[in-house]
Asker: 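Just passing along the structure, written as structure tokens.
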Amino acid sequence: TAYNGLADKVRGVSEQTAEVTQFGETITGDTTSWGVVGHLPRKWFRDASLLNGVSGYYNYGENNKVETRYNYDGQALPNPAAESTDYGVVIQALDNRLTLKVGKYETKVTNGNLPGGASLIGANQYYINQLEAWGTATSLSVLYGNAGISPNDAWFWNHAQHYDANVPYAIDPLSDEYRNHPRTIEQNAAADDFIKGMSQTFFDNYQIPVDVAALQSAYASFQSSGNINDILAVTSGYYPVGSYTTSINSLGNSQINGISPNGTIDNTSEGYEIELNFRPKPNWDIQVNASKTTAFREKLGQPMTEFINAQYERFSGPAGDLRIWWAGERTIREFYEQNIISALRFQEESIGFDVPELRPWRFSMVTNYRFEEGRLKGFNVGGSYRWMDEQILGYGLKDDLSGLSVENPIYGSTEGYIDLWFGYSRKLTEKIDWRIQANLRNVGESTGLVPISVNPDGIIAASRIQEGMTWALTNTFSF
């Protein structure tokens with residue numbers, strides 16, 4: 001059909017639905033895409049000396065990636081979703097020997113996985129659940145020590161002696177001197193606040209084997225009677241007297257239903273792409289491609305930020321004063337700030353900045369020449385060049401060393417590679433064609449390690465193996 005001199009055509013409409021059932025939950029996702037192509041009337045170019053045609057295109061797509069994911073509190077997360085547009089113009093010229101395509105694209109991702117191993121903080125993420133487990137153990141050790149039933153563990157519960165040289169190590173925990181010491185009062189208040197703030201749902205999600213209701217009930221009885229036996233009866237199966245902090249752990253390896261919990265983030269990427277296909281001669285092809293991409297973070301997922309801020313609020317109170325490894329150790333609050341809050345703040349400060357895995361510029365060129373006469377008839381020779389811009393490998397520390405600085409990125413190197421090939425083809429019979437070709441990939445390169453991430457001090461944290469030069473010889477028979 002024609003409209004205002006433009007010939008329009010719907011290129012295609014596609015709709016798909018995916019469904020996954022896991023742990024009794026059914027997760028579905030829909031994918032929809034469509035596109036339109038328009039061509040200027042060919043008669044407009046009949047008398048043109050250079051141009052042979054101009055086309056425009058527009059593509060739109062929506063899709064969901066169906067997968068089971070959990071927030072750090074165990075709540076199911078919505079599917080990652082993306083909305084993309086891709087539009088541009090295609091110009092044909094020089095008797096259709098040259099085609100130039102210029103396009104712009106934009107993709108918005110909502111509820112995507114956080115970058116860096118798809119987790120908030122990588123290897124230290126376990127502090128979110130383990131501090132709850134270890135805090136429970138520490139609270140019980142404090143109660144045991146103060147009740148006078150754990151004299152051999154004074155190094156753990158005698159905080160008064162650690163901070164006050166006038167307090168003897170083997171002090172009687174039932175004495176007024178010990179009970180009225182500010183450090184003793186502080187740790188008793190911390191254990192009290194911690195136990196009262198425990199959540200059975202959270203413990204069940206991470207398979208931490210503690211009956212929270214039973215412990216809280218026994219603790220309430222202990223507070224009114226002063227008899228520790230009710231607590232001992234409840235905890236004997238998982239934390240008897242003399243146990244150490246790590247006796248209480250996540251039996252699910254800090255996972256929920258076998259899946260590592262995660263936070264989400266919304267990202268936007270956009271860019272331009274130029275593609276040139278040129279045939280100077282019927283037997284010579286050249287293709288050039290260049291692209292410029294920007295990708296930045298827009299918003300962190302609300303379920304993640306709400307949970308972490310709520311947990312931090314819990315540890316900002318008396319519960320955060322617990323010292324989990326021994327009497328002189330840092331507090332739970334300090335561990336949480338250094339391993340969780342600093343990572344969350346870094347993610348928040350990264351909003352509006354480029355994603356670290358991005359290579360802003362890419363360029364490639366491919367050419368192939370076929371000999372069609374003379375002594376070299378049947379031979380072909382070609383090559384390609386691939387170039388990629390530098391990418392962010394990590395971030396340096398802030399000036400006060402309080403965490404990573406998004407304004408201090410550490411970049412890797414640009415990468416460029418050359419490929420070469422040459423071949424020969426001929427007819428063996430009227431119905432059988434033969435072709436042989438030798439390909440050299442990464443010409444002049446050696447096998448080695450290429451950094452993919454660095455520590456804040458610039459020291460390489462992880463590398464990938466860079467393939468050196470390789471070759472392949474192929475024989476093809478067509479009939």
Side-chain angles (χ1 to χ4, degrees), residues 124 127 130-198 210 215-216 218-236 238-249 311-342 400-402:
N124 292 335
Y127 277 101
Q130 290 295 74
L131 285 179
E132 293 285 353
W134 297 336
T136 302
T138 300
S139 297
L140 293 174
S141 290
V142 169
L143 295 179
Y144 297 165
N146 292 346
I149 60 174
S150 182
N152 294 330
D153 298 324
W155 58 272
F156 191 101
W157 53 259
N158 190 351
H159 299 82
Q161 187 273 335
H162 183 79
Y163 291 95
D164 187 344
N166 295 320
V167 176
Y169 174 79
I171 191 173
D172 180 2
L174 302 179
S175 66
D176 290 340
E177 180 185 6
Y178 180 79
R179 286 175 176 268
N180 296 327
H181 196 280
R183 288 293 180 178
T184 303
I185 295 173
E186 174 196 73
Q187 290 303 298
N188 281 337
D192 176 83
D193 191 48
F194 192 94
I195 292 174
K196 291 179 178 178
M198 293 167 60
V210 174
L215 174 58
Q216 290 175 334
Y219 179 68
S221 176
F222 164 72
Q223 283 188 302
S224 61
S225 68
N227 190 341
I228 195 71
N229 289 328
D230 288 342
I231 292 179
L232 295 178
V234 169
T235 61
S236 61
Y238 58 84
Y239 201 76
V241 175
S243 299
Y244 186 53
T245 309
T246 52
S247 296
I248 302 180
N249 278 297
Q311 193 176 42
Y312 184 44
E313 183 177 356
R314 164 166 156 77
F315 292 151
S316 295
D321 292 329
L322 283 174
R323 300 177 183 274
I324 58 176
W325 300 122
W326 65 292
E329 184 54 274
R330 290 167 291 169
T331 64
I332 282 182
R333 183 184 308 109
E334 290 174 299
F335 276 103
Y336 200 79
E337 289 173 342
Q338 293 162 6
N339 292 282
I340 305 299
I341 293 301
S342 63
D400 61 2
L401 306 181
S402 61

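The figures here come from the full heavy-atom set of this structure, side chains too, leaving out hydrogens, waters and symmetry mates. Here the structure is a predicted model, which is why all the values come from computation and not from measurement.
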Asker: So which atom in Val167 and which in Gln161 form the shortest heavy-atom distance, rounded to 0.1 Å?
Answerer: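 Answer, listing the atom of Val167 first, then Gln161: O-CG, 2.9 Å.
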Asker: Can you check whether Leu131 reaches Asn339 side chain to side chain, under 4.5 Å on heavy atoms?
Answerer: no
Asker: Do you know the tightest heavy-atom contact between Ile332 and Gly135?
Answerer: CD1-CA, 3.7 Å
Asker: Do Phe194 and Leu322 have side chains that get closer than 4.5 Å, going by heavy atoms?
Answerer: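 Yes. Closest side-chain heavy atoms under 4.5 Å.
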Asker: How long is the straight-line distance from CD1 of Ile341 back to CZ of Phe335, given to the nearest 0.5 Å?
Answerer: 15.0 Å
Asker: How close do Ile248 and Ala133 get, heavy atom to heavy atom, and via which atoms?
Answerer: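 Where Ile248 meets Ala133 most closely, the heavy atoms are O-CB, 3.5 Å.
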Asker: Check the pair Tyr239 / Val210 against side chain to side chain contact (heavy atoms under 4.5 Å, CB included), numbers first and verdict last.
Answerer: CA-CA 9 Å; Tyr239 201 76; Val210 174; over 6 Å; no
Asker: Can you tell if the side chain of Gln311 reaches within under 4.5 Å of the side chain of Ile340, non-hydrogen atoms only?
Answerer: no
Asker: Within the side chain of Thr245, is there an N or O that forms a donor-acceptor pair under 3.5 Å with the backbone of Ile324?
Answerer: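 Yes; judged by distance alone, with no hydrogens or angles, the pair exists.
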Asker: Which atom names give the shortest non-hydrogen contact between Ile149 and Val241, and what distance separates them?
Answerer: O-CG1, 3.3 Å
Asker: With sequence neighbours excluded, what pairs up with Asn180 under the side chain to side chain donor-acceptor pair (under 3.5 Å) test?
Answerer: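 Per chain and number, Asn180 pairs via side chain to side chain donor-acceptor pair (under 3.5 Å) with no residue.
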Asker: Is there a side-chain contact between Pro168 and Ile171 (heavy atoms, below 4.5 Å)?
Answerer: yes
Asker: Taking the six-membered ring for Trp, are Trp155 and Tyr244 parallel (under 30°), tilted (30 to 60°) or perpendicular (over 60°)?
Answerer: tilted
Asker: Hey, what do you get for NE2 (His181) to OH (Tyr163), rounding to the nearest 0.5 Å?
Answerer: 11.5 Å
Asker: Taking the inter-plane angle between the rings of His162 and Trp326 on a 0 to 90° scale, is it parallel (under 30°), tilted (30 to 60°) or perpendicular (over 60°)?
Answerer: perpendicular
Asker: If you look at every heavy atom in Glu177 and Asn166, which pair is closest and at what distance?
Answerer: OE2-O, 4.0 Å
Asker: Between the main-chain N or O of Phe222 and the side-chain N or O of Asp230, is there a donor-acceptor pair closer than 3.5 Å?
Answerer: no
Asker: Does the structure place the NZ or CZ of Arg323 under 6.0 Å from the centre of the six-membered ring of Phe156, at an angle of no more than 45° from the ring's axis?
Answerer: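 Cation-pi check for Arg323 and Phe156: fails.
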Asker: Report yes or no: do Tyr336 and Ser316 form a side-chain donor-acceptor pair below 3.5 Å?
Answerer: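 No, no side-chain donor-acceptor pair sits under 3.5 Å.
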Asker: Which value, rounded to the nearest 0.5 Å, describes the distance between Asn158 atom CG and Tyr169 atom OH?
Answerer: 7.5 Å
Asker: To the closest 0.5 Å, what do you measure between OH (Tyr144) and OG1 (Thr235)?
Answerer: 2.5 Å
Asker: Please walk me through it: do Ile195 and Gln216 pass side chain to side chain contact (heavy atoms under 4.5 Å, CB included)?
Answerer: CA-CA 7 Å; Ile195 292 174; Gln216 290 175 334; 4.2 Å; yes
Asker: Trp157 side chain to Ser150 main-chain N or O, any donor-acceptor pair under 3.5 Å?
Answerer: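 Confirmed, Trp157 side chain pairs with Ser150 backbone.
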Asker: Given Tyr312 and Glu337, is the side-chain hydrogen bond (donor to acceptor under 3.5 Å, both in side chains) satisfied, shown in steps?
Answerer: CA-CA 8 Å; Tyr312 184 44; Glu337 289 173 342; 2.6 Å; yes
Asker: List in chain and number order the residues that pass side chain to side chain donor-acceptor pair (under 3.5 Å) with Asp192, two or more places apart in sequence or in another chain; answer none if no residue qualifies.
Answerer: Lys196, Tyr219, Gln223
Asker: The criterion is side chain to side chain contact (heavy atoms under 4.5 Å, CB included); which residues satisfy it with Asp193, sequence neighbours excluded?
Answerer: Pro318, Ala319
Asker: Quiz question: by atom type and distance under 3.5 Å, do the side chains of Thr136 and Tyr238 form a donor-acceptor pair?
Answerer: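 Not at all, the side chains of Thr136 and Tyr238 share no donor-acceptor pair under 3.5 Å.
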Asker: Which pair of heavy atoms, one from Thr246 and one from Trp134, lies closest together, and at what distance?
Answerer: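 Scanning both residues, the minimum pair turns out to be CA-NE1, 4.0 Å.
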Asker: Apply side-chain hydrogen bond (donor to acceptor under 3.5 Å, both in side chains) to the pair Asn249 and Gln130, showing each step before the final yes or no.
Answerer: CA-CA 6 Å; Asn249 278 297; Gln130 290 295 74; 2.6 Å; yes
Asker: Rounded to the nearest 0.5 Å, what separation is found between the CZ atom of Arg183 and the CD1 atom of Ile185?
Answerer: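 Between atom CZ of Arg183 and atom CD1 of Ile185 there are 12.0 Å.
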Asker: In Å, rounded to the nearest 0.5 Å, how long is the span from CD of Gln187 to OG1 of Thr331?
Answerer: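 The OG1 atom of Thr331 is 9.0 Å from CD of Gln187, to the nearest 0.5 Å.
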